[in-house]
Amino acid sequence: MQLQKAQIEMDYNFRAIEAKWRKFWQENKTYKTEIDNTKEKFYVLDMFPYPSGAGLHVGHPLGYIASDIYARYKKHKGFNVLHPMGYDAFGLPAEQYAIQTGQHPAITTAANLKRYREQLDQIGFSYDWDREVRTSDPNYYKWTQWIFLQLFHSYYNIELDKADDIKNLVALFEQEGNASAQAHGDQETLFTAAEWNAMSEKEQQSILMNYRLTYLSDSFVNWCPALGTVLANDEIKDGVSERGGHPVERKKMQQWSMRITAYAERLLSGLDKIDWTDAIKEIQRNWIGKSVGALVSFEIDQHAEKIDVFTTRPDTIFGVSFMVIAPEHELVNHITTAEQKDAIKAYQVKAAARSERERMADVKQVSGAFTGAYAKHPFSGELIPIWIGDYVLASYGTGAVMAVPSGDQRDWDFATKFEMPIPAVIEGQDVSEGADANKEGIICNSDFLNGLKVKDAIVKAIEAMEEKGIGKGKTNYRLRDAVFSRQRYWGEPIPIYYKDGMPMAMDESQLPLELPDVDKYLPTEDGEPPLARAENWKTAEGHPIETNTMPGWAGSSWYFARYLDPNNTGEFASQDALNYWQNVDLYMGGAEHATGHLLYARFWTKFLSDKGFLPFDEPFKKMINQGMITGNSKFVYSLVKSVKSSSTLNIPDNKNIPSIYIPFKAIQLRNKKNQSFIDDKITLSENETTYLNDLNLKIKVLEKVINEGLSNKFGKDLFEVKYSEFAIKSNVDVSIVTNDSLDIEAFKSSREEYANAEFILEDGKYICGSEIEKMSKSKFNVVNPDIIIESYGADTLRLFEMFLGPLEQSKPWDTDSIEGVHRFLRKFWRMFHDGENNFSLTDAEPTKDEQKILHKTIKKVEDDIERFSFNTVVSALMICVNELNDLKSNNKTILEQLVILITPYAPHIAEELWEKLGNQESVTLQAFPTFEPKYLVESSHKYPVSFNGKMRFMLELPLDLSKEEIEKTVMEHEESQKWLDGKTPKKVIIVPKKIVNIVV
RNA sequence: GCCCGGGUGGUGAAACUGGUAGACACGCAGGACUUAAAAUCCUGUGAUCAUUGCGAUCGUGCGGGUUCAAGUCCCGCCCCGGGUACCA
């Protein structure tokens, strides 16, 4: 350790260097950003972190490092780069902690933020910290609440295809009622102007709720009584809450919702103009779930009610041979005949016992029951049976389907099981083996649709339905309005109060509505949210204030805009700032937010753009999703032990009986040996057999020694320990394993029961097994960046995280291979120094070779950063340093450029060397080196010469040779003669500057 | 089931528009320096066969195909990761 420290101080002293430049950047505000109209802007943003108590592990900064490299690169390229960071500081973990400890979540959050900031600062990011935002700061959430009010005061005008002031809608109602209103909403009944004007304010307000973009309504939610809150679908795992594992029930509650459905079409079409991965776009498309078809009404025989179904294939209406409605459908009990009552009841009970998840996952089991009722076919008037079946879910669409067994596999399965007809409606259709979902073909057996192509038949069918008044063309979206209320404490209060039970918006001047103090962070006795505990939670006039708070996604739906002008008190951001900085050019983050944050942020952006508050309608132009860094878990294998004794009283405590650990290799061989019984191709080699025999012998010897030791300690022959063939695999902390070799002393002292462990060694080492798993505390495979920085420095960490592999792929962390990039940095450092670590460079004119190496690297680094291939840049820099080293080059002109080239990746060492080169200004502000093609001009090319596509030899040829001359030279070469073997080539392919291929 | 990724040495990976498969690293083996170690440097390292040398054959999940030439393009499968759902 002493020596190592001395070594560090001898040459590349990263600890001193990094501390020095961190201080310099902070003191000189090197990364402060301001509007500069002379420069083009570039906005690089990382997804908002939630500061958890556990701090950062090495997986977290992966994206931050990549975006920081890109931001720094863009700055070198002359852009005015905005690169801020802040925190999504409201959230459930802090609240859970508050419930347990009584400590205010603001205090825990502040402590976590401090820790995050310390960790982030160590890594050397170029964030402009003066722009930091925190969603839990009243100066921030004032504007979150303000946006809520804007939504409350707006409705969606279908004619203008954008959000509009609700006052305009009220004016229309006063003049014409709602019959002509082109407004997206849930209002089903019509009223005249006179009726509207005659309504009480309360009645009017309740109607307006059906139009407002944020509105109060009853909706089904996943209520978790133990947590006293509603959970999102993805917060529920296997029917219980993800956190704590408490039961969850479906419950109808009055909730604030966001009318995101009004934006369904624009959220869908907007995807075409943004540069995101196809995977994320596809997830959003599926989530929005647009389907075009028709809504058809089926009359029920002997009943007044009708059953509505939505279908994407109205052309197959004559292929309907039965109907299936969900077991929970509201009409089931009403229409079921007396004879069928018992069967239906029994089936309903059965279906209710299965979770929705189960019903969805299980495709193979077909089940259902007949109601005894019949529907009338809307065209033929034929009676068709109505069944219930659990493959139809009440919560989707209308909860009913018109079954077309010839065209839908599930309907086909159902028809086959219950022996119902499967009428073909497309010419030449074979439905004996299964349904045919093909959308090509000519319709038949379908009255007025006969002879039409599917596409035309769909149009014609809808026309006919509309004419007959039994259906209409409809576009259906799967997307549902987003529930916005949370029964939690640690979130933004909703700026609403209740006047005689009527929800009223607070005035903007009263914002921020600050989060009040409460005595406990739990729901009240009667199930009211925690805010109901606050004293005097009323307006000045005494009206009670809303007690729900906003969800986690509220603050993160617009934060990118606040960074543009974070300290503005008069508006969320000034028009100047918005017009200059615009939207995010590069957004870096995980793909897991595909249907949450990324959809809601797009929705709010479109709304704010509609209202003229934002000059753009998509928040994130380009997005890159970094992959997860997985952990590399290490395992040890202890033999199963058993103790034989005449009396249980004589057996010593288990921790006194040593475990025997066998190497990973032994486990592999034993597995292989067992397989050999099944597959006779697998046999152990002589060496392997010897190894195993040797191992068994060693175990026997150890067993004997252990038993003797125990006898001496606890008395003779009282008991005997036996070690079986079987081994137990257990996780061992990755920090005590180097190159799969276990630090046995550290292992023994880590726990009392390990203290007397025995190891079977190979070459004096115990080699562990390893497996790739998610990083988690329980697997002892979490690697903390602080430790890496302490032993190798932040520049090494930055380079290494990039060097691991392509950014977007998930990849395992392996601390051992970090040596490579660290060695590279030391090598780089030594290029600038002599043997005594004195800074020493030559001022000579660079040679042609040196220039070539440099410019090849400039081009490669630039091209690769532009296409976000961060890993290959590191290789390119390594190759450059290796090649310059081979030339024993220490040319100042060349190395000066190289320092700038490496700055985005390793800013600390770059600053230090830049300063030593005699510069005053920070290297981060220097222009990126210009690539000069003239240095790469070649006069010859080394051609690989292939015969029948197989490369046989290399041949260097001048570039100015014609194809004929190349062919002649190649054919005359003695190697060619050998491969031609006297034959005449059939064909010679010459691709200039690429290859020569001779076909024999 | 459907959609999106991915499958290349012992390991992480590279090969961007079809044109020398395995760059660059890790690890391993051998060597130099050293009293010794660390650090550093040099050499080798896909597999098999041949090794005295020249080398030869095979090889990018599997099976076909297109092409002078396929990790890359096409068809059909298998496996792994992620998303999503009886969306009618």
Side-chain angles (χ1 to χ4, degrees), chain A residues 1-4 6-8 10-11 277-283 285-291 293 309-313 324 356-357 359-363 389-393 395-404 407-411 413 476-479 591-592 594-595 625 627-628 630 632 739-740 770 800 803-806 808-814 816-821 823-824 826-827 830 835 863-864 867 869 871-872 874-879 882 885 942-954 985-991 993-1000:
Chain A
M1 199 60 208
Q2 278 285 304
L3 273 166
Q4 211 179 354
Q7 193 69 39
I8 288 162
M10 272 281 295
D11 42 38
T277 61
D278 289 336
I280 300 272
K281 287 192 192 183
E282 206 49 38
I283 292 168
R285 281 192 195 107
N286 289 340
W287 194 260
I288 295 166
K290 179 180 182 175
S291 45
V309 299
F310 177 76
T311 175
T312 53
R313 293 293 300 276
V324 185
E356 206 164 82
R357 199 167 279 260
R359 283 167 56 174
M360 288 189 282
D362 188 9
V363 191
D390 69 2
Y391 78 95
V392 176
L393 298 180
S395 52
Y396 288 119
T398 60
V401 300
M402 58 176 227
V404 183
D408 184 290
Q409 189 57 44
R410 292 153 302 168
D411 295 345
D413 292 339
N476 212 35
Y477 295 93
R478 191 197 142 207
L479 185 72
E592 68 273 18
T595 51
N625 305 111
M628 190 172 60
T630 45
N632 202 340
N739 293 332
D740 288 347
S770 63
F800 184 57
F803 191 62
L804 279 176
E808 307 197 50
Q809 255 169 48
S810 94
K811 50 210 167 257
W813 179 268
D814 178 18
D816 296 331
S817 50
I818 200 169
E819 294 284 349
V821 288
R823 269 174 217 161
F824 159 71
R826 304 182 70 139
K827 218 189 264 186
R830 285 200 305 271
D863 288 355
D864 285 2
R867 66 188 176 100
S869 173
N871 54 328
T872 51
V874 184
S875 308
L877 291 168
M878 284 174 170
I879 293 169
N882 288 348
N885 254 339
K942 249 188 157 177
Y943 282 93
V945 181
S946 306
F947 288 79
N948 292 334
K950 274 184 187 151
M951 208 283 285
R952 293 305 180 181
F953 63 94
M954 303 293 290
K986 279 189 203 147
K987 203 171 175 186
V988 178
I989 290 117
I990 292 162
V991 186
K993 268 199 98 173
K994 282 264 166 73
I995 56 123
V996 176
N997 189 16
I998 296 156
V999 188
V1000 187

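Quick note on labels: first sequence line is chain A, next is B, and so on, each numbered from 1.
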- C1' atom, rC16(B) versus rA23(B): distance in rounded Å? 14 Å
- Among rA21(B), rC16(B), rC26(B), the one nearest any side-chain atom of Met951(A) is rA21(B)
- Take atom CZ of Arg952(A) and atom C1' of rC54(B), then tell me their distance rounded to the nearest Å. 14 Å
- Task: Rounded to whole angstrom, note down the P distance from rC24(B) over to rU48(B).
- Result: 23 Å
- Query: Quantified in whole Å, what is the C1' atom distance between nucleotide rG81(B) and nucleotide rA29(B)?
  - Reply: 36 Å
Could you go through nucleotides 6-14 of chain B and list every protein N or O atom that sits under 3.5 Å from one of its N or O atoms, giving the distance for each pair?
| unit_1 | atom_1 | unit_2 | atom_2 | d |
| --- | --- | --- | --- | --- |
| rG12(B) | O2' | Leu804(A) | O | 2.4 |
| rA14(B) | OP1 | Asn871(A) | ND2 | 2.8 |

- For Asn882(A), side chain to side chain contact (heavy atoms under 4.5 Å, CB included) partners two or more places apart: Lys827(A)
- Item | Separation between CG of Asp814(A) and OG1 of Thr630(A), rounded to the nearest 0.5 Å | 10.5 Å
- Separation between the P atoms of rU57(B) and rG61(B), rounded to whole Å: 22 Å
- Message: By the 4.0 Å heavy-atom rule, please label Met954(A) as base, sugar-phosphate, or nothing.
- Response: base
Check the interface with nucleotides 27-32 of chain B: list each N/O to N/O pair with the protein under 3.5 Å, or write none.
none

- Query: Hey, does the side chain of Asn882(A) come within less than 4.0 Å of rA25(B)'s phosphate (OP1/OP2), counting only N and O?
  - Reply: yes
Please list each protein N or O that sits under 3.5 Å from an N or O in nucleotides 68-70 of chain B, with the distance.
| unit_1 | atom_1 | unit_2 | atom_2 | d |
| --- | --- | --- | --- | --- |
| rC68(B) | O2' | Asn997(A) | ND2 | 3.2 |
| rC68(B) | O2 | Asn997(A) | ND2 | 2.7 |

- Check: Pro806(A) main-chain N/O paired with Lys811(A) side-chain donor or acceptor under 3.5 Å: yes
- Task: Could you give the distance separating rU43(B) and rA36(B) at their C1' atoms, to the nearest angstrom?
- Result: 24 Å
- Message: Taking only the C1' atom of each, what is the distance from rG44(B) to rG22(B) in whole angstrom?
- Response: 16 Å
- Task: Whenever both distances are under 3.5 Å in a Watson-Crick or G-U wobble pair, mark it; put RNA chain B into dot-bracket that way, with [ ] for crossing pairs and | when the partner is on another strand.
- Result: (((((((..(((......[....)))((((((.......))))))((((.....))))..(((((..]....))))))))))))....
- Item | Those residues that, when tested against Tyr943(A), pass ring-ring contact (aromatic ring centres under 6.0 Å, His included) (two or more places apart) | His941(A)
- Which whole number of Å gives the distance between the C1' atom of rA13(B) and that of rC26(B)? 10 Å
- Message: Using a heavy-atom cut-off of 4.0 Å across all strands, would you classify Lys827(A) as base, sugar-phosphate, or nothing?
- Response: sugar-phosphate
- Query: rC24(B), rU84(B), rC26(B): which one has an atom nearest the side-chain heavy atoms of Ser817(A)?
  - Reply: rC26(B)
- Task: Starting at atom CZ of Arg478(A), determine the distance to atom P of rU84(B), rounded to an integer number of angstrom.
- Result: 8 Å
- Query: If we take the C1' atom in both rG18(B) and rC77(B), what is their distance in whole Å?
  - Reply: 24 Å
